[in-house]
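These numbers come from a predicted model, not from an experiment. Order of appearance sets the numbers: ligands from 1, and atoms from 1 within every ligand. Numbers here are sequence positions counted from 1.
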Amino acid sequence: MGYPHPSNPRETVVLSQYFGDVEARTYAGWTKRGGYQALKKALGMTPEAIVDEVKASGLRGRGGAGFPTGLKWSFMPKGDGKPHFLVCNADESEPGTFKDREIMRWTPHQLIEGCAIAAYAIGAERIYCYIRGEFTEPWRIMTQAVEEAYAAGALGGNVFGSGRRIDLVLHRGAGAYICGEETAMMNSIEGKRGNPRIKPPFPAQAGVFGLPTTINNVETLSAVPHILNRGAAWYKALCLNNPKSTGTKLFSVCGHVMKPGNYEVTLGFPMKDLIHDLAGGMRPGRRLKAVIPGGSSVPIMNVEEAESALCDYEGIVEKGSMLGSAGFIVMDDSADIVYEVYLLAKFYAHESCAQCTQCREGTAWTTKILERILKGQGKPEDLDLLLDLSVQMTGRTICVLSDSCAAPIVSGIKKFREEFDAYISRAKAPALAAV
Ligand SMILES: Cc1cc2nc3c(=O)[nH]c(=O)nc-3n(C[C@H](O)[C@H](O)[C@H](O)COP(=O)(O)O)c2cc1C
Ligand code: SF4
């Protein structure tokens, strides 16, 4: 539900049912609400049966790429005799995205239960839950919940008397966006600098400490207990028209809306209704201008695209962008697109790990060029230069941070070119002071 707002009747509340309910944070409170039944059920199933159930549900990764979760789990080797690991990605540093934080704040046991089921399904005895460094409150709540789960036998050497060992280690990040990328996270867990690794090998072959590893997002893992409790068919039926995008999704809506918050709806929900109805629409006297729907790492949508899009993996691609982490950055007609994309470029330049030339130089030069445009010192050829840089930054680097920087710039120039031209032609006063 759109915590702190009351749940909207148009939401389909599954993961967020207990947001705002302090009692649900405790082990006793969670079990009173049906918690840990799914883990007990899972322990009576074969790992293969769990993987099949998750595959049948159609669950896709909620961390950004939308990769099918059951399929990812099935890549883990079987009978190899090696230790396996599960990594829970709780780094959530994507601009505009604040859903995993709320899951950990309100329902830590929902996540722990999902992690334990996933670990059992992929043959892992150890889970690393990598929590964003700045998440002080979620860290404290998760720490307490993990202690409670050990004390109640939901984690440890003999989970609920099954003879299975499942340990969960909380690992706190140090505030680097790049550590949300799966292989950078693995390096960071190993105590190394958080630089992304070249793939292949993929994590299922060589992940944490070179051993088979599966990595999933907080929201992905939190959906798993519900799938086991209520069945794959129930989850699959949570679908509006598009059978490739099933289940509910938390949409973090922020920016120029009256009621920013997390809204949980069935995938395929109209974006127009999410923004104008659930999130309360624009401020008085303002009109919707643009939306960046996947956190900041995807193309900007203009008003026509946004208001005709359906919120699922394919629906948003059809309208020229991507679902990503489903953090909606909503901009009304007061927004300066040039300034907005400059802020994003500056963010990516700061967060680049600097291993790849195209990313290190590309993000830095993109920032510098946008800065000079905003200072009223832009040149007519600057837009072509920015587009050329973006081509060099896309599809050529170890990870997609570089592509992520290029996406809003290219779409910004293509869809709002007149705003860039206004600065370059000096028709608009500089937004930044020249030094
Ligand atoms: C630069 C960068 C940052 C990322 N940050 C996050 C993040 O904060 N949280 C997350 O779940 N996934 C993040 N991802 C995606 C992960 O690499 C990975 O795909 C995801 O954790 C897989 O989980 P899923 O299959 O459940 O979505 C990021 C990717 C990149 C390239
Ligand atoms: S693309 Fe950027 S962040 Fe990713 S590995 Fe290369 S330099 Fe590092």
Numbering the atoms of ligand 1 from 1, which are under 4.0 Å from a heavy atom of [X]?
| X | result |
| --- | --- |
| Val400 | 31 (C) |
| Arg62 | 26 (O), 27 (O) |
| Asp91 | 8 (O) |

N or O pair under 3.5 Å between [X] and ligand 1:
| X | answer |
| --- | --- |
| Glu94 | no |
| Leu401 | no |
| Asn89 | yes |
| Asn217 | yes |
| Thr220 | yes |

Exercise. Within Cys359, is some N, O or S atom less than 2.8 Å away from atom 4 (Fe) of ligand 2?
Worked result: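 So Cys359 does not bind atom 4 (Fe) of ligand 2 by this criterion.
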Exercise. Is any N, O or S atom of Cys356 under 2.8 Å away from atom 2 (Fe) of ligand 2?
Worked result: no
Exercise. Within less than 4.0 angstrom of ligand 2, does Arg360 place any heavy atom?
Worked result: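 The answer is no, since Arg360 has no heavy atom less than 4.0 Å from ligand 2.
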For this session: Consider only side-chain N and O atoms of Asn217 and Asp100, and report whether a donor and an acceptor are under 3.5 Å apart.
Result: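 A donor-acceptor contact under 3.5 Å links the two side chains.
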For this session: Measure across Leu211 and Pro83 and return the closest heavy-atom pair with its distance rounded to 0.1 Å.
Result: CB-O, 3.6 Å
For this session: Return the option from Gly66, Ser325, Gly180 holding the heavy atom at the smallest distance from atom 15 (C) of ligand 1.
Result: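 When every heavy atom of Gly66, Ser325, Gly180 is considered, Gly180 comes closest to atom 15 (C) of ligand 1.
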For this session: Anything under 30° is parallel, anything over 60° is perpendicular, the rest tilted; go ahead and classify Tyr130 against His171.
Result: parallel
Problem set entry | Aromatic ring pairing Phe85/Tyr128, orientation class (parallel under 30°, perpendicular over 60°, tilted between) |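 The arrangement is tilted - the two ring planes meet at 30° to 60°.
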Problem set entry | Mode of Asn216 contact toward ligand 1 - side chain, backbone, both, neither (heavy atoms, under 4.0 Å) | both
Exercise. Atom 3 (C) of ligand 1: which protein heavy atom is closest, and how many Å away?
Worked result: Glu181 N, 3.7 Å
Exercise. Hey, do the aromatic rings of His109 and Tyr27 have their centres closer than 6.0 Å?
Worked result: yes
For this session: Measure from the ring center of Phe269 to the ring center of Phe251 and say whether it is less than 6.0 Å.
Result: no
Problem set entry | Ser93 to ligand 1, any heavy atom closer than 4.0 Å |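 A heavy atom of Ser93 does come that close to ligand 1.
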Exercise. Any heavy atom of Met185 sitting closer than 4.0 Å to ligand 1?
Worked result: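 No, that is not the case, since the closest heavy atom of the residue is not under 4.0 Å from the ligand.
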Exercise. What atoms of ligand 2 come closer than 4.0 angstrom to any heavy atom of Gln355?
Worked result: 5 (S), 7 (S)
